[in-house]
Each structure stands twice: as C-alpha cells, then as structure tokens.
2 protein chains.
Amino acid sequence: MRDVAALAKVSTKTVSRVINGLPGAGQEVVDRVRAAARTLGYRPNLAASGLRRSDKRSATIGVLFEDLSNPFDSALLRAVEDRARQGGVLVLAGSSEDDRALQGELLGSLAARRVDGVVVMAAGGHQDALQQERERGTPMVLVDRPPTFGGTDCVTTTNRDSSREAVLQLAALGHRDIAFLGDRRTLWTSQERYTGYLEGLAQAGLTLREELVRTDLHGADLAETATTALLDLDKPPTALFTAQNLVTVGSMRVLRARGLQRSVALIGFDDFPLADMLEPGITVVRQDVPGIGRKAAELIFARIDGDTSPPVHAVVPASLVRRGSGEISPH
Amino acid sequence: MRDVAALAKVSTKTVSRVINGLPGAGQEVVDRVRAAARTLGYRPNLAASGLRRSDKRSATIGVLFEDLSNPFDSALLRAVEDRARQGGVLVLAGSSEDDRALQGELLGSLAARRVDGVVVMAAGGHQDALQQERERGTPMVLVDRPPTFGGTDCVTTTNRDSSREAVLQLAALGHRDIAFLGDRRTLWTSQERYTGYLEGLAQAGLTLREELVRTDLHGADLAETATTALLDLDKPPTALFTAQNLVTVGSMRVLRARGLQRSVALIGFDDFPLADMLEPGITVVRQDVPGIGRKAAELIFARIDGDTSPPVHAVVPASLVRRGSGEISPH
DNA sequence: TCCTCCTACGTCAACGTTGACGTAACCGGC
DNA sequence: GCCGGTTACGTCAACGTTGACGTAGGAGGA
C-alpha cells in the first residue's frame with residue numbers, strides 16, 4: 001500500500017479511500033491510484049483491514065459439519081456458500097467426524113480466525129464447547145440437531161412427524177411387524193425418528209416388538225448385520241423403517257442379496273442419489289436440504305447483522321417420496 | 001491480551017511467549033498467565049499474529065472446486081481437509097461453477113485473506129486469473145485439469161489411458177458401434193477422454209462413426225436427450241462410453257426407460273454411489289479420489305514449506321470396475 | 001471584503017501481536 | 001571477587017490498514 005501511495009504520489013490514507021470507494025478523492029487521484037495499484041499488483045490485506053476497522057468483520061464464516069464428503073453435508077455446505085457469496089463472505093469448512101474433541105478444536109481454530117459466525121452440526125453428547133463459544137458472543141446457528149442450551153438459533157426438519165407418517169403408511173398397507181433401524185442413539189435426529197416410529201405404531205394400534213428395534217447402526221456395515229439378524233428372526237418383520245441413509249443402503253443390500261427387495265417393504269429417512277433408479281425404487285422421506293441450508297444462512301447473516309430477536313427453531317418440512325419399496329404389502 | 005497481561009502481572013510479550021509455548025518463561029509465570037487467559041476467555045487473534053510474524057502464514061489454504069455439492073468435488077475437499085488438519089491448517093472452500101469470472105473473483109477473495117496456498121479445479125477456457133495469481137507467488141496446485149501455463153503443480157488421473165482401456169474392453173466383446181457421450185469440450189478431461197476413445201477405436205481396428213459422438217452434455221438432462229437421439233439412429237450403437245458421471249446417469253435413465261439396460265453395453269467414467277446396486281451393476285472407470293486429494297494436499301503443503309523443486313504433474317491411476325453393464329455383448 | 005462551509009487531501013495513532021534487543025538477577029569457575 | 005554466560009523477564013517498534021482529526025484552498029453568501 002505504501003508503494004502504491006508513493007507511485008501515485010499520495011498518502012496511504014488516500015489509497016485506502018480509493019480502494020474502499022470512499023468519498024474524498026478527486027477523479028484524477030482515483031485514476032492515478034488505480035493505475036498504480038494495478039501496475040504494482042497491489043492486493044488489500046483483509047486481515048490488517050479487519051484489525052483496524054471498527055466493525056471487526058472478517059467477512060468469513062465457519063461451517064462445521066459431520067463429514068463434508070457426505071452428500072447431505074455437502075449439499076448443505078453448498079447452500080450456505082451460495083448465500084454467503086452474495087455478501088462477499090467466504091466459508092471456512094471443517095468436518096467434525098461427530099467427535100466432540102475434534103469439534104471443539106476446530107471451533108477454537110475458527111475463533112482464532114475471528115469468523116463472523118458459525119453454522120454447526122453439533123456432535124452428539126455434551127455441547128459444552130459450543131455453548132462456551134456461543135456465550136462469548138459468536139453468532140451461531142445449529143443445523144440438523146438442536147442445541148441443548150438456550151439462546152441459539154437452529155434449523156431442523158420434521159424428523160418425528162415424517163417418521164410417524166412413514167410408519168402409518170406401512171401400517172395402512174397391512175404391515176403389523178415393522179422394524180426400526182437407527183443410527184447412534186446419542187444423535188438427536190435418531191431419537192426423534194424413533195419417537196416418530198413409536199407414535200406411528202401407537203396411532204395405528206400396533207404394539208411395539210422390542211426385538212424389531214435396532215439402533216446404534218453407524219454405517220452401512222452395521223446396518224447389514226442388523227438387517228440380517230432381523231430377517232433371521234422366527235417372526236421376521238414384513239417392513240423396515242431405516243432412519244438414516246447409510247442404514248437404508250445397508251438394509252437394501254441385504255434385501256437384494258436375499259431376493260427380498262420386492263417382498264419386504266422399505267422406507268428410508270433421507271433421500272440419496274439414484275434411489276429412483278433401483279428396482280423397486282426406494283421410498284424415502286426427503287429432507288429439503290437446500291431449504292435447510294438457505295434458512296441457516298439467512299439466520300446466521302441476520303444475527304451477524306445485529307438481529308437480536310428471540311432465538312428461532314426453524315423446522316423445514318420433509319416429504320415422503322413414494323417410489324415403490326414403501327408401497328409393498330405384507331405377504 | 002493486555003487484560004491477560006495485567007491480570008497475570010506480566011508484560012504482553014510474556015503472555016505471547018506463554019501462548020506460543022516459547023522458552024523464556026518460568027513455570028510459575030506460565031501458570032499465572034494460563035489461569036488469567038482462562039478466566040478472561042482469551043483467544044489469540046491469528047490475523048494480528050500473522051500480520052506481525054515473519055513467516056506471514058495464515059494457516060489457511062483455499063480450495064476452489066467446480067461444485068462442492070458434487071460427490072467428486074466433496075470427496076476431494078475432504079481428502080485435502082484431512083491432510084490440512086494435521087498441520088493445524090483450515091480450509092476456505094468455494095465453488096466456481098466452472099465460471100471464469102466467478103473463479104477470478106473468489107481467487108481475489110482468497111488472496112485478500114492471504115491464504116498460504118490454493119488448490120484449484122480450473123474453470124474451462126483461459127486461465128489468466130490463475131496464472132496471474134500464480135505469478136504473484138501464491139503456491140498453487142491444480143487438480144483434475146492441468147494448467148495451460150508453466151511452473152505449477154497438478155494432479156490428474158489417467159483420463160486417456162483408462163478411456164482407451166474401456167473402449168478396448170467393449171471392442172473385445174465384439175462391439176463395433178461404440179458411442180461417445182462427453183461433457184463440455186472446453187474441459188481438458190473431456191478432451192482427454194475423447195482422445196482415449198479415439199485411440200481405443202484405432203487400436204481395435206474400428207472406424208469412427210462421427211454421428212456416434214455427442215459432446216457438450218452438461219448435466220444429466222442433456223445426456224438423456226443425446227442418448228435418445230443415438231438410440232433412434234438407423235444403426236444405433238450397441239455400446240455407450242459415457243465420459244462423466246452425470247452423463248452416465250442420464251444415459252442409464254434412457255436405457256432403463258426403453259428396457260435396454262441388459263442389451264446395450266455401458267461403461268461410464270467416474271464412479272458414483274450405488275452403481276453396484278443397480279441391475280445390472282454399472283461398469284465404470286473409478287478415479288482414486290482420496291488419492292488425488294492426498295497428493296494435491298501433499299504438493300501444496302510442500303510448496304508452502306518452501307519446496308522449490310521443478311513442478312510436478314502427478315497422475316493418479318484410475319481403474320476399471322467391472323459390474324456387468326460393460327460386459328454385455330452385442331445382440 | 002470577510003466569514004463560513006465544503007472538498008480534497010494529509011498526519012497520527014491505534015488495532016493485537018511478535019521480532020529485535022535490552023537488562024537485571026543468578027550461576028559457576030578461577 | 002570478578003567475569004562470562006544463561007535465564008527470565010521487559011521495552012519498543014513494526015506488520016498493513018483505517019478512524020479521528022487537521023488543514024489548505026476554493027466556493028458561496030451577506
């Protein structure tokens with residue numbers, strides 16, 4: 001900046017004015033400064049700028065999801081990024097692996113970089129690190145899972161209602177033995193979906209068969225094992241409700257391996273690519289992922305801009321997409 | 001920091017020493033400073049630190065891919081992120097939409113934040129903005145597509161060789177009318193894969209039928225249209241080589257709609273989730289995405305650490321995954 | 001004609017941190 | 001008892017930028 005000022009024969013302050021488009025610089029000077037900046041390849045240093053500026057903005061937000069290579073997470077990231085771009089804001093992205101220690105560490109790294117706000121998919125268990133960061137004043141929005149502490153915005157989907165709806169549809173087809181296969185019980189979404197399952201059974205007048213409930217299935221492999229065990233029961237389920245996309249994939253594999261994909265009904269929570277191309281197509285509860293991302297971005301930027309209205313828990317509706325696997329009758 | 005110093009009754013310099021774990025601070029003082037920092041909730045400001053430090057590191061790298069919600073891109077991001085984490089480096093991620101103007105803008109934003117280096121999936125066409133940035137000294141690694149300028153590392157896969165291999169396999173099964181369906185011709189990968197296709201035909205002693213070549217298919221919809229047109233030819237192809245994953249999906253849809261998925265052979269470039277669960281499974285050329293990401297990360301961090309050896313063009317081998325659709329004989 | 005106001009700059013200090021360098025106290029050796 | 005060396009601090013300025021404020025010159029009004 002000093003070099004630019006010297007070349008344009010003005011003070012650094014005037015360069016600053018020109019770069020930021022502030023008034024108080026004549027047209028001739030503006031042109032000289034612009035030319036000098038171009039010839040020297042000058043780039044403003046946002047870090048130094050943010051250090052001095054009054055608003056202390058870094059024009060950067062943090063995004064901390066479970067696994068950025070998961071389609072759900074990356075679609076969410078993309079939606080947040082699109083909204084951020086409109087404000088000239090860049091996104092620092094990280095994967096927490098659903099590990100509290102790692103999440104806390106990454107959160108510290110983001111704080112050290114003075115991000116203007118964070119969008120977090122909270123790791124299961126205690127949210128102490130999140131709460132601390134929030135209490136230090138960092139604008140924060142949780143996605144997919146609500147906070148266990150107060151004063152923080154959050155965006156989730158209709159986990160319970162949509163799960164109930166899925167189970168009711170199965171029951172309406174005549175299924176009386178509907179299994180539940182879920183992800184880790186520490187996850188709020190798993191709990192909600194399980195509650196929806198219970199509500200659905202109750203509402204359909206069915207009694208819960210404990211042995212048809214399998215949880216803590218983290219990943220497709222565990223889901224395969226659990227599905228195999230369920231099908232080997234003396235009185236196996238005639239329908240499966242798989243409460244997470246990797247679980248759905250695991251169950252599907254087993255059904256296909258046994259040639260049961262047209263006789264055992266299946267509804268999964270979370271859509272996945274090509275679910276419509278399988279035979280039969282897989283009926284799923286589809287979350288409005290871009291909608292969730294947009295909403296989260298909207299909330300975080302409002303908070304960054306000083307919105308102090310009471311915290312919001314936004315619920316973005318999911319919908320049941322019927323493709324065949326969930327429309328199979330028993331026997 | 002001043003507050004911490006005051007509370008611990010030391011100078012800010014000593015606080016700096018304690019925070020950075022530098023020698024020259026007694027045990028008692030270290031404990032006092034740590035306690036003070038904790039009670040005040042002190043967080044070091046990395047921006048200010050980087051401003052003053054001699055190495056000028058921001059401990060942040062930029063990643064500029066085409067679309068972060070694409071599974072290929074997000075898997076790549078994840079691999080880079082994993083490597084970055086080991087060095088305490090965070091990742092600023094952006095989607096360029098394969099738009100040069102947007103890519104240039106994002107590149108400028110990254111530069112303003114003084115990222116230590118960038119990993120870029122170059123947008124098609126001129127790479128002026130990239131070259132400029134590179135010439136300003138920013139460490140840079142291109143992935144998936146090589147630079148059109150010199151002095152820059154790059155990681156790609158065996159586009160040409162693997163495409164040739166795919167075509168040769170189809171020819172070996174007796175196919176003589178093998179169609180090529182490709183993404184935008186401005187993309188280097190498309191060109192390479194097309195060249196591989198031509199080499200494969202030549203090596204198998206087949207003559208090119210121009211009307212079996214369809215390019216500029218950006219997205220599954222265009223691929224569907226093109227596939228439909230191909231199948232409606234008087235002498236339709238008996239095998240398809242689809243040179244990008246969305247193109248593969250589009251072609252698959254049409255084959256299934258016409259009930260041809262077991263009679264027309266199909267090999268796609270790029271694997272995709274559930275390709276193995278379809279009937280028949282889809283034979284694909286699978287890139288080693290984590291391998292590409294790891295290599296790119298390794299290169300960028302080496303350059304950041306001052307490696308000045310000649311630029312490298314690393315080629316990570318892809319492999320043909322046989323699942324059925326590419327093993328269908330003609331008629 | 002004189003005073004006021006505005007425009008177009010410049011000067012200085014400060015943002016939070018660390019490199020360079022200074023200094024007081026202590027230690028060991030002759 | 002003196003000297004050189006080491007340890008444990010502190011002081012000061014600077015990184016690149018901008019807010020607060022100062023000032024010179026010209027325009028405009030009474």
Side-chain angles (χ1 to χ4, degrees), chain A residues 1-34 36-37 40-60 88 108-116 136-138, chain B residues 1-34 36-37 40-60 88 108-116 136-138:
Chain A
M1 184 158 172
R2 268 205 287 270
D3 299 341
V4 174
L7 183 58
K9 295 192 209 302
V10 295
S11 71
T12 57
K13 177 72 230 212
T14 298
V15 175
S16 168
R17 275 192 269 257
V18 173
I19 298 299
N20 294 300
L22 296 175
Q27 190 54 51
E28 196 198 332
V29 168
V30 168
D31 293 343
R32 274 214 318 276
V33 171
R34 291 243 173 86
L40 293 177
Y42 167 74
R43 290 297 182 88
N45 184 330
L46 211 75
S49 169
L51 198 56
R52 177 66 238 235
R53 281 185 122 95
S54 36
D55 61 5
K56 300 268 179 240
R57 295 277 177 83
S58 60
T60 306
S109 290
L110 292 174
R113 284 164 182 79
R114 297 293 190 269
V115 292
D116 300 331
R136 286 180 182 184
T138 310
Chain B
M1 185 159 174
R2 269 205 287 268
D3 298 341
V4 174
L7 183 58
K9 296 193 209 301
V10 295
S11 70
T12 57
K13 177 73 231 213
T14 298
V15 175
S16 167
R17 275 191 268 256
V18 173
I19 297 299
N20 295 299
L22 296 174
Q27 190 55 48
E28 195 197 333
V29 168
V30 168
D31 293 342
R32 273 214 319 274
V33 171
R34 290 242 174 86
L40 294 177
Y42 167 74
R43 289 296 182 88
N45 184 331
L46 212 75
S49 168
L51 197 56
R52 176 67 240 237
R53 282 185 122 96
S54 37
D55 61 5
K56 300 268 178 239
R57 295 279 177 82
S58 60
T60 305
S109 290
L110 292 174
R113 285 165 181 78
R114 296 294 189 270
V115 291
D116 300 331
R136 286 180 181 181
T138 310

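Chain naming here is simple, since letters A, B, ... match the order of the sequence lines and numbering starts at 1 in each.
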Item to check | Rounded distance (nearest 0.5 Å) linking atom CZ of B/Arg52 with atom CG of B/Asn45 | outcome: 15.0 Å

Checklist entry - When all nucleic acid strands are considered with a 4.0 Å heavy-atom cut-off, which category describes A/Arg2: base, sugar-phosphate, or nothing? => result sugar-phosphate

Checklist entry - How long is the gap from CZ on B/Arg114 to OG1 on B/Thr60, to the nearest 0.5 Å? => result 13.0 Å

Checklist entry - Between OG1 of B/Thr138 and CG of B/Leu110, what distance do you get to the nearest 0.5 Å? => result 9.5 Å

Checklist entry - Heavy atoms under 4.0 Å, any strand shown: does B/Arg114 hit a base, just sugar-phosphate, or nothing? => result nothing

Checklist entry - Taking atom CZ of A/Arg2 as the centre, does the number of heavy atoms from other residues, nucleotides or ligands within less than 6.0 Å exceed 12? => result no

Item to check | B/Arg113-B/Ser58 side chain donor-acceptor pair, cut-off 3.5 Å | outcome: no

Item to check | Heavy atoms of other groups near A/Lys56 NZ, more than 12 under 6.0 Å | outcome: yes

Checklist entry - Just by modelled atom types, is the A/Ala111 backbone N or O under 3.5 Å from a matching donor or acceptor in the B/Arg43 side chain? => result no

Item to check | Spatial distance of atom CZ (B/Arg57) from atom CG (B/Leu46) [nearest 0.5 Å] | outcome: 12.0 Å

Item to check | Those residues of residues 18-32 of chain A lying under 4.0 Å from DNA chain C by at least one heavy atom | outcome: A/Gly24, A/Ala25, A/Gly26, A/Val29

Checklist entry - When we call it a touch if two heavy atoms are under 4.0 Å apart, what does B/Ser11 touch: a base, just sugar-phosphate, or nothing? => result base

Next on the checklist: Reading DNA chain C in the 5' to 3' direction, which nucleotide is the first one with an atom under 4.0 Å from a heavy atom of chain B, and which is the last?
Outcome noted: C/dC15 to C/dA20

Next on the checklist: Heavy atoms only, 4.0 Å cut-off, all strands: where does A/Val10 land among base, sugar-phosphate and nothing?
Outcome noted: sugar-phosphate

